[in-house]
Structures are given as structure tokens and as C-alpha cells.
J.: 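Below are the C-alpha cells for one structure; questions will follow.
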Protein chains: 2
Amino acid sequence: MARESLSKIERQRQLVQYLEKDPFLTDVDLSKIFKVSIQTIRLDRLELKIPELRERLKNVARSKVSQLKSMTGRELVGELVDLKVGASGVSILPVTQEMTLRKTKIVRGHHLFAQANSLAVAIIDAEAVVTGLARVSFKRPVYCGEKILAKAVIKTKKGNKYMVKVTSQVNDEIVFIGRFLVFALSEEVVPH
Amino acid sequence: MARESLSKIERQRQLVQYLEKDPFLTDVDLSKIFKVSIQTIRLDRLELKIPELRERLKNVARSKVSQLKSMTGRELVGELVDLKVGASGVSILPVTQEMTLRKTKIVRGHHLFAQANSLAVAIIDAEAVVTGLARVSFKRPVYCGEKILAKAVIKTKKGNKYMVKVTSQVNDEIVFIGRFLVFALSEEVVPH
DNA sequence: AATTAATTAGTACCAGGTACCAAGAATAGT
DNA sequence: ACTATTCTTGGTACCTGGTACTAATTAATT
């Protein structure tokens, strides 16, 4: 809380950080944090083009909903661009900052896995599908701003078991290869 | 938009539905939709215990933020409960509804993967770590409400390569086993 | 017709702002 | 040291989207 009088630029720099990690802060909160008047905070926001609390909350509410879709969405991680049910599928996942490690800017592996896994599951022509085994290989790091194109193909089918191979690339460069053994569940595998 | 004068209960029933699919509606919006006065809408919300717009937005924003944290959080997926850097680690991930497939209530595989992978990376004593290869096996479905306990152990180390084995269980029952080959990155693998 | 329920109108008040103006304090330029 | 400029603060009027309350009006019931 305590803070010796900062320069304007330093205060504004910190203000951005504060709001990034907590967009719920009001101008009053901020004025207390930085020990300046409300007007100063408002001038800062004006200069930095940071919208007011309510606008921020609207944005958070809206954007997080869409981000959620990309990660934990009910259906697919990424956007489906092609699908031949029972055969193959293609999805695209644009890399946002939230997916990367702060230090290295490298996409965390589980995002690639999630895109591939959900695509592998999506191309199976069955009501419910789960993954049993997977062997995945991360060929090169993927960075913020890149778009990951994942292609999935069913390689073999034995009963309710499918082998799906997923290849993900960025600009024709392979970044990820995964082989997923997935199972189509029989009707009644009901939760306990 | 147009709507013949509804009974109170019917209006309130529909009001709930409207707000469920669009929490961004103001009382004014609603009063226009139902062609009643603002006061009526407010009485309705009062009776139905529906909070005002701003509260609703706060709730949406907060819940989405926390959901995001569980999946795309900067650090670990799950909560770290034990860590011996360079040796082993344990994390717990409570399963929420968002992680499950709607139909089957089974946790989507990439959440287990994410927990395990991020834990495998976390126990390595290095600034930046990436996953190169992984072999994972999903032993049994995990359901909403369960808590996944993941244990990671470094099995071997060769130069900057580590083999990490992660075992995840729910109530002493193994649900997931993964072997991760991870790399500690040399200082300067800077993004382009 | 009288009673009750539902609706509407109106007022005072609040948080968290925008937009603007003017005055004072701090800093830099010369 | 004095001035010019930038920064900061104070104050006002106004806005949205409400709460909380009172009173009047309208509709439905018995």
C-alpha cells in the first residue's frame, strides 16, 4: 500500500499492472494505492485509454467467456475448420498470451495437447468418446501470435478403439505430433 | 420483442430465462421486452432475488476468471501441496463442472494432462522448461466433484533432459499415468 | 361493492463514473 | 531567480443503472 511519491510514468506503468491483475479496482481504490487524488487516476486512465471499471468488467465478462470457449469449451479446443466424421478433421488454434509461459513466451504444452486431443475425439462418430492412451511429441516451441493448425486422421479402428494421429503445424512447420488411442463408449457408462 | 400481456408468473419465468442467456440486459431493456414499467421489472427481480446488472457482471467476470485460472493459469494447473525442487512434487486439482463433457460428466483428458505436465515442469530446477515427449495413459474416467492428486518424480536426468513420471489418483485409485521427457532450456532461447 | 393483488409513478439517494474548468504545486528551462 | 510548462488537485454538472421507499392507480377476485 505505502508508496513514496512516484513519477507520473512510473505510477502509470504500475497502474496498468495493477489493473491487469485486478480489473475490479475502482478509481477510489487506485487513488488510495498510489496516494494521489481521484482526478489524477482518472487523468491517468484517460491518457492510458483504460476504460472505467464497469466497461472493464463487461470486457472481462465477455472476453473470458470467449477465452473459456477456446480452452475449456464444451466442444473443441480451437476452431473446427474441416470435419469428415469417422475419418479426419482440421482445427485452428490462435495462440494468445494467456497460453504462454511468461518468461519464455512459449506455449504451454497442454494447450497443444488439448487442441489435438479434443480434435481426435471430435472426429470419432460416436456419442461419447474418451482417450485411453496418448503419445505426444513437441517438435518445436510455439510462440504467442502464431496459429496452430491441427490435422487429425483415424489410422485404425478395432471395435470401439480408434487410433488417431494428430499433426499440428505452424506455417507448414510441424510443431507437434500425437497419437491418441481413443474409445467410443457404449451407451451406458453413466457417472456414479 | 412483442408480447401480449403475460401473467406475472409467466413473465417472471421468462425473465429468468432471458437473463440466463444474456446477463447484460438492463432493467430498461427488460421493461421494453416485456412492455411493463421499470418498477415492475425491479419488483420481479426483487422477488426472484436476481441481483442488478453490475452485480451480475461482476459475478460473470469473477467466475470466468477463476475458471480460467484453473486451466490457463500462469503457473500450475492445480494446487501445489508439496514440492522438492529437483526431485518430486504433488498437486491437487479439484474437478469442476467446466472440465467435464456435458453428456458423460467425464473429465476431458487434457485437464489431467495439463495438471501432470505442469507439475512435471514445475519440479525441474531451471528457469525455463519445456516438454519434448510424453506418453500418457488414462486409466479410468474421472468425474465432477472428485479431486485429482498428482505425484511427480524425476526418474532420470541426462544433461538438460529429465524423465519425469507423474501418477494421478483419485482416492488411492490410479486414474492417470504419464511419462514426460522435459528439457531445461539454456538461458537464451528468446522468442523471435 | 369492497377487498386484495399487481402495476405504475414519483422521490430521494447511491456508486462509479465522464467532461469540463480553474487553481495550486512541482519541475524544468533559461 | 524567474518564468514556462507540466502535473496534480478541487470542484461542479451530469450520466447510468441501480436501491429503497411511498403513494396512487389499475385489474382481478370474491
Side-chain angles (χ1 to χ4, degrees), chain A residues 1-69 97-98, chain B residues 1-69:
Chain A
M1 276 290 196
R3 183 160 278 89
E4 295 305 283
S5 62
L6 299 167
S7 71
K8 185 183 173 182
I9 37 168
E10 176 58 15
R11 185 190 57 234
Q12 293 192 344
R13 201 186 58 74
Q14 291 193 17
L15 190 144
V16 172
Q17 291 191 322
Y18 267 83
L19 286 180
E20 260 171 17
K21 78 171 158 185
D22 185 2
F24 294 81
L25 294 169
T26 66
D27 288 355
V28 172
D29 294 339
L30 291 166
S31 75
K32 282 173 185 164
I33 288 171
F34 292 106
K35 301 200 168 159
V36 292
S37 69
I38 278 198
Q39 285 81 350
T40 302
I41 296 296
R42 288 182 177 160
L43 283 173
D44 285 348
R45 277 200 301 100
L46 200 69
E47 288 175 22
L48 296 167
K49 293 181 180 154
I50 295 171
E52 61 165 295
L53 172 73
R54 290 152 190 164
E55 286 306 312
R56 295 196 303 267
L57 290 192
K58 265 190 220 173
N59 294 342
V60 172
R62 266 196 264 270
S63 76
K64 297 302 175 190
V65 167
S66 70
Q67 278 182 29
L68 261 184
K69 275 192 190 134
Q97 215 187 313
E98 293 78 26
Chain B
M1 278 290 194
R3 181 159 279 88
E4 294 305 282
S5 62
L6 299 165
S7 73
K8 185 182 174 183
I9 36 168
E10 177 58 14
R11 185 190 57 233
Q12 294 192 343
R13 200 186 59 74
Q14 292 193 16
L15 190 143
V16 172
Q17 291 190 322
Y18 268 83
L19 285 180
E20 261 169 19
K21 76 172 159 186
D22 185 3
F24 294 81
L25 293 169
T26 66
D27 288 356
V28 172
D29 293 338
L30 291 165
S31 75
K32 282 173 185 163
I33 289 170
F34 292 107
K35 302 201 168 158
V36 292
S37 70
I38 276 198
Q39 284 82 350
T40 302
I41 295 296
R42 290 182 175 158
L43 283 172
D44 284 347
R45 276 200 301 100
L46 201 69
E47 287 175 21
L48 297 168
K49 293 184 181 152
I50 295 170
E52 62 167 291
L53 172 72
R54 290 150 190 164
E55 287 305 314
R56 296 196 302 267
L57 290 192
K58 265 189 219 172
N59 295 341
V60 173
R62 262 197 264 272
S63 73
K64 299 305 173 190
V65 166
S66 72
Q67 285 175 28
L68 263 184
K69 272 191 192 137

J.: For Ile9(B) and dA27(D), give me the distance from atom CD1 to atom C1', rounded to whole Å.
T.: 16 Å

J.: Return the nearest nucleotide to the side chain of Leu46(A); candidates are dA19(C), dG17(D), dT8(D).
T.: dA19(C)

J.: Rounded to the nearest angstrom, tell me the gap between atom NZ in Lys35(B) and atom C1' in dT8(C).
T.: 17 Å

J.: Can you check the Ile41(B) CD1 to dT8(C) C1' distance for me, whole Å?
T.: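 Between C1' of dT8(C) and CD1 of Ile41(B): 12 Å.
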
J.: Rounded to whole angstrom units, what separation is found between the CG atom of Leu57(B) and the P atom of dT16(D)?
T.: 17 Å

J.: Going through the checks in order, is the salt bridge (Lys or Arg N to Asp or Glu O under 4.0 Å) test met by Lys8(A) and Glu47(A)?
T.: CA-CA 11 Å; Lys8(A) 185 183 173 182; Glu47(A) 288 175 22; 3.0 Å; yes

J.: Asp27(B) side chain: which of dG16(C), dT7(C), dG18(D) is closest?
T.: dG18(D)

J.: Expressed in angstrom and rounded to an integer, what is the separation of Asp44(A) atom CG from dT18(C) atom C1'?
T.: 16 Å

J.: Nearest to the Val36(A) side chain among dT9(D), dG17(D), dT8(C), which nucleotide is it?
T.: dT9(D)

J.: Is any side-chain heavy atom of Val28(B) closer than 4.5 Å to one of Lys32(B)?
T.: yes

J.: Among dT7(C), dG17(C), dT9(D), which is the nearest nucleotide to the side chain of Arg11(B)?
T.: dT7(C)

J.: By the 4.0 Å heavy-atom rule, please label Ile38(A) as base, sugar-phosphate, or nothing.
T.: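 No contact.
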
J.: Send over the distance from Leu43(B) CG to dG18(D) C1', rounded to a whole Å.
T.: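 After rounding, the gap between these two atoms is 14 Å.
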
J.: Write down the distance between CG (Leu25(B)) and P (dG18(D)), rounded to a whole number of angstrom.
T.: 10 Å

J.: Are Asp27(B) and Arg42(B) side-chain neighbours, meaning at least one heavy-atom pair lies under 4.5 Å?
T.: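 Asp27(B) vs Arg42(B): side chains touch.
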
J.: Closest-nucleotide mapping onto DNA chain C: is Arg54(B) or Ser37(B) further toward the 5' terminus? I mean the 5' end.
T.: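 Final value for this comparison: Ser37(B).
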
J.: Which atom names give the shortest non-hydrogen contact between Asp29(B) and Phe24(B), and what distance separates them?
T.: OD2-O, 4.3 Å

J.: Hey, is the side chain of Arg45(B) poking within less than 4.0 Å of OP1 or OP2 on dT19(D), counting only N and O atoms?
T.: yes

J.: Just compare dG18(D), dT9(D), dG17(C) and give me whichever is closest to any side-chain atom of Gln39(A).
T.: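 Given the options dG18(D), dT9(D), dG17(C), the side chain of Gln39(A) is closest to dT9(D).
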
J.: Using the side-chain heavy atoms of Lys8(A), tell me which of these nucleotides is nearest: dC7(D), dG17(C), dT7(C).
T.: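 Nearest to the side chain of Lys8(A) among the choices is dC7(D).
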
J.: Whole Å only: how far is the CD atom of Glu52(A) from the P atom of dG18(D)?
T.: 14 Å

J.: Going by heavy atoms in the side chains, are Leu53(A) and Leu25(A) under 4.5 Å from each other?
T.: no

J.: Return the nearest nucleotide to the side chain of Arg42(A); candidates are dT18(C), dG18(D), dG11(D).
T.: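 From the listed options, dT18(C) comes nearest.
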
